[in-house]
Student: 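One structure coming up, written as structure tokens, with questions to follow.
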Amino acid sequence: MSVITWKYASPQYFYPLAGKMIPWFSVLALLFGAAGLWLGFFVAPTDAQQGEGYRIIFIHVGASWMSMFIYLTMAFWAGIGLSFNTRMSSMMATALAPTGAMFAFLSLWTGALWGKPMWGTWWVWDARLTSELILLFLYLGFIALQAAIDEPRRADKAGAILALVGVVNVPIIYFSVKWWNTLHQGASVSLTQAPSMAKTMLLGMLMMALCLWMYTLAVALMRVRVIMLERERHSEWVAQLPEVQP
Amino acid sequence: MLTATDLACVRGDRRLFSGLGFALAPGAWIYLTGENGSGKTSLLRILVGLSPAEAGEIRWGGVPIARLGDEYRRAVTYLGHHNALKEELTARENLCTGAALAGVKLDAARADALLAEVGLAGREELPARFLSQGQKRRVSLARLLWSESPLWILDEPFVALDAAAVAWLASTLAAHLAGGGMAILTSHQEVLIPGSTMQTLRLAA
Amino acid sequence: MMNAFGVLSAVVRRDLLVALRRKSEVLTSLFFFVIVASLFPLGIGSEMDLLRKIAPGVLWVAALLAAMLSLNRLFANDYADGTLEQMALSPVPLGLLVTGKILAHWFVAGLPLVLIAPMLGLQYDLSPRALMVLVISLLLGTPLLSLIGAIGAALTLGVRGGGVLVSLLTLPLYIPALIFGAGAVEADISGLGAAGHLSLLAALLTLAVFFAPWATTAALKIALE
């Protein structure tokens, strides 16, 4: 079997590297966040039909994107971990899951907050909202499965299979929900038609998306460092870390 | 020929063994011993290919077992702690379906003959849940009689057996080894297999 | 040596024989289906127009839950008594044995639901045509439930709280089957024609037949490590 010799694939070297990267990503998240919020709250014009309430999309859209993107990334790392037996990739998948679930939840919550003033109801069975809800269930399943298994190696592999099955299913679920939605159009409101967007709005959304992206990186790296310490607590390199010295 | 080199096994936080190696030649058997929790069963499960070893390699006829796949699985018969019997099925049905799962066709007449050989004549139609522990173990051991595998890996095969059954198993093992077979087994009691080469492998707790 | 088909039918026969001698477990999920479907009119009211309208969804959700109820048994017994170990060590590919077990699960937990569904459909005043579409949709859909459910059952094998966990894992994956299955009946009732839904259901079934045993096998090997 070939050995991947890239040295950062080993926790021992990745741990300090991740530690060095976290502050950078945190600062970038703050900067992009400040720029995005400024654009979103002060520069972008008030919407003619939707008033001020629409400004929630600056969070909502980014959170939805991230929730989907993180699921793909998580499944990718889990798959790599399963096929090449690389511990680091599986730990990365585990570290990403809670953030992804949080974004899925945030996307639903902000969607509801947006929906109430727009359509007078907290929830519509729109294809996107419904898919997002199912995505949240998939995240929760992944987290629950990993939490229920004590042996880390088995938890990694079982989680990986679930994530990969989920990835095959996400498009199927999305299209089936969409199909279902078009047949039951009735009273529901479609979110799918995008209103013509001002350039500043687009820029603000982009800034916010970058902010969430940087935030995800920073948080996932923090979490993966904790997982590394926990799993490798008996190893030589952890014992020599300055932060664990008495 | 089965060779193991530098095997290591970790369960949870505990390193059960490391640097373990042996070579098993046709006609010889390994008596695997050690205290409870020393990793005997873990080692057997690694040897049959159920669990991966933390480190090290196992070769069968010079080829790593992971590469051999079903060829190795055909060469090995494994009996674990559990008897792999269905309580609802009769002794005969258990024997026949157990063989079918391994791709071996066993008709009822042959199954009855094998059951008679392990001392269960007249109990062929009895559901397994009405058999005693020792009788269940005998049904389970009957699979050794249809198995054509050269390597037998047996986890505590003598448990629950009475004196007659112990003698029967020892002579079956002796015949298997005399025919060029190999065996690895664990046991808490002394095992005597007449006319065979025994290697003892002791796992320290 | 036996050929692949011989092994497959041996596995199916074995599981059916075991199920036959443990009738109570088989009947449990069937009774569950009947009771759940009969509870809805009691909770909602007996207005026939309304019942006709909710029938496809209610019957499908009930079938889905009933199929899920029996998932825990799919591998748990074989895991506990050591048979699963022997299967994994058999020279026969584990995928083939697993396919046999899934097929047997469908015979025991899926097919009875299909057969009793028309009777429940009558309680909801469905037309004979709609009843037939219901049966066809369940005939295509229940094997799909067994196939997807097997992945969940294998992943949660021997895991703490596996019984609840398996529903958390499999129910989201059941959604497309539910949408197309219930959708087929509903489309037929509203005069749109069920062919589209049914062919999509068949497509999903084909996909699952290829992938689910493979994923289940991988999950079982992990569980046995």
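None of these values were measured; they are calculated from a predicted model. As a basis for the values below, the full set of heavy atoms in this structure was taken, side chains included, without hydrogen atoms, waters or symmetry mates. The sequence lines fix the lettering, A, B, ..., with proteins before strands; numbering per chain opens at 1.
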Student: What part of C:Leu165 lies closer than 4.5 angstrom to a heavy atom of chain A: side chain, backbone, both or neither?
Tutor: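 Side chain only.
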
Student: With a 4.5 angstrom heavy-atom cut-off, which part of C:Ala212 approaches chain A: side chain, backbone, both or neither?
Tutor: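 Nothing of C:Ala212, per the 4.5 Å heavy-atom cut-off to chain A.
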
Student: Could you tell me which portion of C:Leu200 (side chain, backbone, both or neither) has an atom closer than 4.5 angstrom to a non-hydrogen atom of chain A?
Tutor: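 Looking at C:Leu200, just its side chain touches chain A.
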
Student: Is it the backbone or the side chain of C:Ile179 that comes under 4.5 Å from a heavy atom of chain A, or both, or neither?
Tutor: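 Side chain only.
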
Student: Of the listed residues (A:Gly159, A:Ala148, A:Gly141), which shares the most heavy-atom pairs with chain C below a 4.5 Å separation?
Tutor: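 When all of A:Gly159, A:Ala148, A:Gly141 are compared, A:Ala148 has the most.
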
Student: Find the one option among C:Leu204, C:Leu157, C:Ile148 whose heavy-atom pairs under 4.5 Å with chain A are most numerous.
Tutor: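 When all of C:Leu204, C:Leu157, C:Ile148 are compared, C:Leu157 has the most.
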
Student: Examine whether an atom of A:Val177 lies under 4.5 Å from a heavy atom of chain C, and if so say whether it belongs to the side chain, the backbone or both; otherwise answer neither.
Tutor: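 Its backbone and side chain both get close to chain C.
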
Student: Does atom CZ (C:Arg160) have a neighbourhood of more than 12 heavy atoms from anything else shown, all under 6.0 Å?
Tutor: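 Result for CZ/C:Arg160: enclosed.
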
Student: For the atom pair CD1 (C:Ile151) and CG (A:Asn169), what is the distance rounded to the nearest 0.5 Å?
Tutor: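 One gets 7.5 Å once the value is rounded to the nearest 0.5 Å.
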
Student: Would you compute the distance between atom CD1 of C:Ile222 and atom CG of A:Leu82 and round it to the nearest 0.5 angstrom?
Tutor: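 One gets 5.5 Å once the value is rounded to the nearest 0.5 Å.
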
Student: From C:Thr156 OG1 over to A:Leu162 CG, what is the distance, rounded to the nearest 0.5 angstrom?
Tutor: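 Answer rounded to 0.5 Å: 10.5 Å.
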
Student: So which residues of residues 149-157 of chain A are in contact with chain C at a heavy-atom cut-off of under 4.5 Å?
Tutor: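 Answer by number: A:Ile149, A:Asp150, A:Arg154, A:Lys157.
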
Student: By number, which residues in residues 213-225 of chain A have some heavy atom less than 4.5 Å away from chain C?
Tutor: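 Within residues 213-225 of chain A, near chain C: nothing under 4.5 Å.
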
Student: More than 12 non-hydrogen atoms from neighbouring residues, nucleotides or ligands closer than 6.0 Å to CH2 on C:Trp60, yes or no?
Tutor: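 Atom CH2 in C:Trp60 is crowded, with more than 12 foreign heavy atoms closer than 6.0 Å.
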
Student: Would you say C:Leu168 and A:Leu145 make side-chain contact, with heavy atoms under 4.5 Å?
Tutor: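 Sidechains of A:Leu145 and C:Leu168: no contact.
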
Student: Give a yes or no on whether C:Trp214 atom CH2 has more than 12 heavy-atom contacts from other residues, nucleotides or ligands under 6.0 Å away.
Tutor: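 Check fails, neighbour count at 12 or below.
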
Student: When rounded to the nearest 0.5 angstrom, what is the spacing between CG in C:Leu169 and CG in A:Leu138?
Tutor: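 If I round to the nearest 0.5 Å, the distance is 9.5 Å.
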
Student: Does A:Met102, at its CE atom, have more than 12 non-hydrogen atoms belonging to other residues, nucleotides or ligands within less than 6.0 Å?
Tutor: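 Atom CE in A:Met102 is crowded, with more than 12 foreign heavy atoms closer than 6.0 Å.
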
Student: Relative to chain C, which segment of A:Ala160 carries a heavy atom at a distance below 4.5 Å: side chain, backbone, both, or neither?
Tutor: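 Neither the backbone nor the side chain of A:Ala160 comes within 4.5 Å of chain C.
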
Student: With rounding to the nearest 0.5 angstrom, report the CD1 to CG distance, A:Ile172 to C:Leu207.
Tutor: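 So the gap between those two atoms works out to 5.0 Å.
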
Student: Please look at C:Leu178 and chain A and tell me whether the side chain, the backbone, both or neither of the residue comes under 4.5 angstrom of a heavy atom of that chain.
Tutor: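 No part of C:Leu178 comes within 4.5 Å of chain A.
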
Student: Can you name the nearest heavy-atom pair linking C:Pro176 to A:Ile173, along with the distance?
Tutor: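 It is CG-CG1, 3.8 Å.
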
